[in-house]
2 protein chains.
Amino acid sequence: MRDATTEPTPLAHEVVAAVLQVRAGSLRVMLWERALEPHAHRWSLPGGQLGRGEDIEASIRRQLAEKVDIRQLAHVEQLAVFSAPDRVPGPRVVATAFLGLVRSDADPAVPPDTDWFPVDDLPVTAFDHGAIVLRARDRLRAKLSYTNIGFALAPPAFTMSELRGIYSAALGYSVSATNLQRVLARRGLLESTGDTTKPGRSGGRPATLFRFTNTGMQVTDPFAVLRPPGRR
Amino acid sequence: MRDATTEPTPLAHEVVAAVLQVRAGSLRVMLWERALEPHAHRWSLPGGQLGRGEDIEASIRRQLAEKVDIRQLAHVEQLAVFSAPDRVPGPRVVATAFLGLVRSDADPAVPPDTDWFPVDDLPVTAFDHGAIVLRARDRLRAKLSYTNIGFALAPPAFTMSELRGIYSAALGYSVSATNLQRVLARRGLLESTGDTTKPGRSGGRPATLFRFTNTGMQVTDPFAVLRPPGRR
DNA sequence: GCAAAAGTGTTATTGGTACACCCATGG
DNA sequence: CCATGGGTGTACCAATAACACTTTTGC
């Protein structure tokens, strides 16, 4: 059966990324304002066409390098394919979406048409990019719970109070510094740098500085239930 | 910058699926034997080119309908994109991979070049299809723990003993029927059909038949840790 | 009655949240 | 010595695994 529906069709494949960062107290996504139609003046995700000799991860890293300093990208992972035939006007384009994370201490230089928006208060977005941002947000929130992915949001060294702020902003609700420390410490994800911060004018005990023991994502809470028998 | 690497390239997009089923006591994947080069006589995943007017999920359902009775597919979900430039010989093809699940009571008629293989003992596979199967397996195993996805592996009605067998085969280790029942019951996923089975010749108490309360996947164990405050 | 299979009761343990309390500093 | 913020100790709680025990059947 060869009809218009099933005919093999060479088609364009673009790669886009929702790059998230905790900045100014909230979880934000990097968007740029389209100058041209279609969807002029709407905000959209960075990305572009998949090139000839690159796989999709290399492609998104290349495309993002034009927007942000690539060294600032602490983590990149595939999200999903968006393939509705009418997702963009004109010739068909299938998109693979990525989640990218930038540490909160980084402040990458971005072009003038580019800005950061809270993921919970997005402007009018182009195409299906709003849905992609929400998928990225949800993926990050889930992974904060069962992986060490916080390393990609936090600075290289931080106090528990700072980390609490980062997790709270990313998750969208208040996290206790006490319990956050315990959860991460129990999993062996935290270590002290040996340094402490100086208290502010109003006093207070100096905070010890921590770092994540690993960079590179790993699952730390693999089996919630139905775990294999006999592992004391 | 327009060079061979970044030049927009119309390219072929194929959609493939690892269709898994618990049969003959083990978790198996449906593969078909390629007749033609490249990779003649190697075993490969069903799939094909993305058609013009369809999104990728419609596409994989269409392609699978040629191999198995589509009504037998209890669950379908996106896995990931495989995009290495040399993943198949010849002109470039990017693949979106899916996970498909068939209930263990179904025995879909399949073409003569098609067979079921244990996911933990695969034959020589074509291209990167072996890696795709392992991704599908791992995704299923993870989701058995924190979703109700068992509904897509189990028959419409089952004893706890049968369900234990299905979960054990899918997970690759022995699961206790006692605790399995408690976990699923606590989450409200099981209900009795009211019927019971007749014991075999050797006696034993009749087993009550259960069903899953929901078809359609849902996350049942959303937050392992770092849950929002104050939800007693 | 006895073996077999299903199902329930009970306990121990784990991992998590909440909160009281102690610690170290500036003024 | 008091206010401030950091860190720890501990009580409580929910979920789960392990296993002993009870129930219901065939022979």
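These numbers come from a predicted model, not from an experiment. Chain identifiers are assigned alphabetically (A, B, ...) following the order of the sequence lines, protein sequences preceding nucleic acid strands; residue numbering begins at 1 within each chain.
- Taking every heavy atom of residues 167-186 of chain A and every atom of DNA chain D, pairs under 4.0 Å involve A:T178, A:Q181, A:R182, by number.
- Salt bridge status for B:D115 with B:R28: absent, with no side-chain N to carboxylate O gap under 4.0 Å.
- Under the 4.0 Å criterion applied to side-chain N and carboxylate O atoms, A:E33 and A:R42 are not assigned as salt-bridge partners.
- Within the 4.0 angstrom heavy-atom criterion, only backbone atoms of the sugar-phosphate kind lie near B:R187; the bases stay farther away.
- Considering CG of B:L73 and CZ of B:R61, their distance stands at 6.0 Å, rounded to 0.5 Å.
- Map B:T208 and B:V225 each onto its nearest nucleotide of DNA chain C; the residue landing nearer the 5' end is B:T208.
- In this view, A:R205 satisfies the side chain to side chain contact (heavy atoms under 4.5 Å, CB included) rule with no residue, not counting sequence neighbours.
- Of the possible donor and acceptor atoms, none in the side chain of A:S59 sits under 3.5 Å from a partner among the backbone N and O of A:V15.
- A salt bridge is defined here as a Lys NZ or Arg NE, NH1 or NH2 lying under 4.0 Å from an Asp or Glu carboxylate O, and A:E77 with A:K143 meets this definition.
- The nearest pair of heavy atoms linking B:K67 to B:P46 is CG-CB, 4.0 Å.
- Between B:F210 atom CZ and B:L163 atom CG the span is 9.5 Å, to the nearest 0.5 Å.
- Side chain to side chain, B:T220 and B:R187 meet the donor-acceptor criterion of an N or O pair below 3.5 Å.
- B:T159 comes within 4.0 angstrom of nothing in the nucleic acid, heavy atoms only.
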Tabulate atom names and distances for all N/O pairs under 3.5 angstrom spanning the protein and nucleotides 2-4 of chain C.
unit_1: C:dA4; atom_1: N3; unit_2: B:G204; atom_2: N; d: 3.4

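- Atom CZ in B:R227 sits about 13 Å away from atom P in C:dG15, given to the nearest Å.
- The distance from atom CZ of B:R164 to atom C1' of C:dA6 is 12 Å, rounded to the nearest whole Å.
- At whole-Å resolution of the value, CZ in B:F158 and P in C:dG7 are 11 Å apart.
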Report all side-chain donor-acceptor pairs from residues 126-135 of chain B shorter than 3.5 Å, counting only partners two or more places apart or in another chain.
unit_1: B:D128; atom_1: OD1; unit_2: B:R87; atom_2: NH2; d: 3.1
unit_1: B:D128; atom_1: OD2; unit_2: B:R87; atom_2: NE; d: 2.7
unit_1: B:H129; atom_1: ND1; unit_2: B:L45; atom_2: N; d: 2.9

Going by atom type alone, with no hydrogens or angles, which donor-acceptor pairs under 3.5 Å involve a side-chain atom of residues 95-105 of chain A and a protein atom two or more places apart or on another chain?
unit_1: A:T96; atom_1: OG1; unit_2: A:H13; atom_2: NE2; d: 2.7
unit_1: A:R103; atom_1: NE; unit_2: A:F151; atom_2: O; d: 3.2
unit_1: A:R103; atom_1: NE; unit_2: A:A154; atom_2: O; d: 3.2
unit_1: A:S104; atom_1: OG; unit_2: A:L153; atom_2: O; d: 3.4

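- Between the NZ atom of B:K198 and the P atom of D:dT25 there is a distance of 10 Å, given to the nearest Å.
- Place B:P199 and A:L226 on DNA chain D by their nearest nucleotides, and A:L226 ends up nearer the 5' end.
- Shown for residues 140-157 of chain A: no residue has heavy atoms falling under 4.0 angstrom of DNA chain D.
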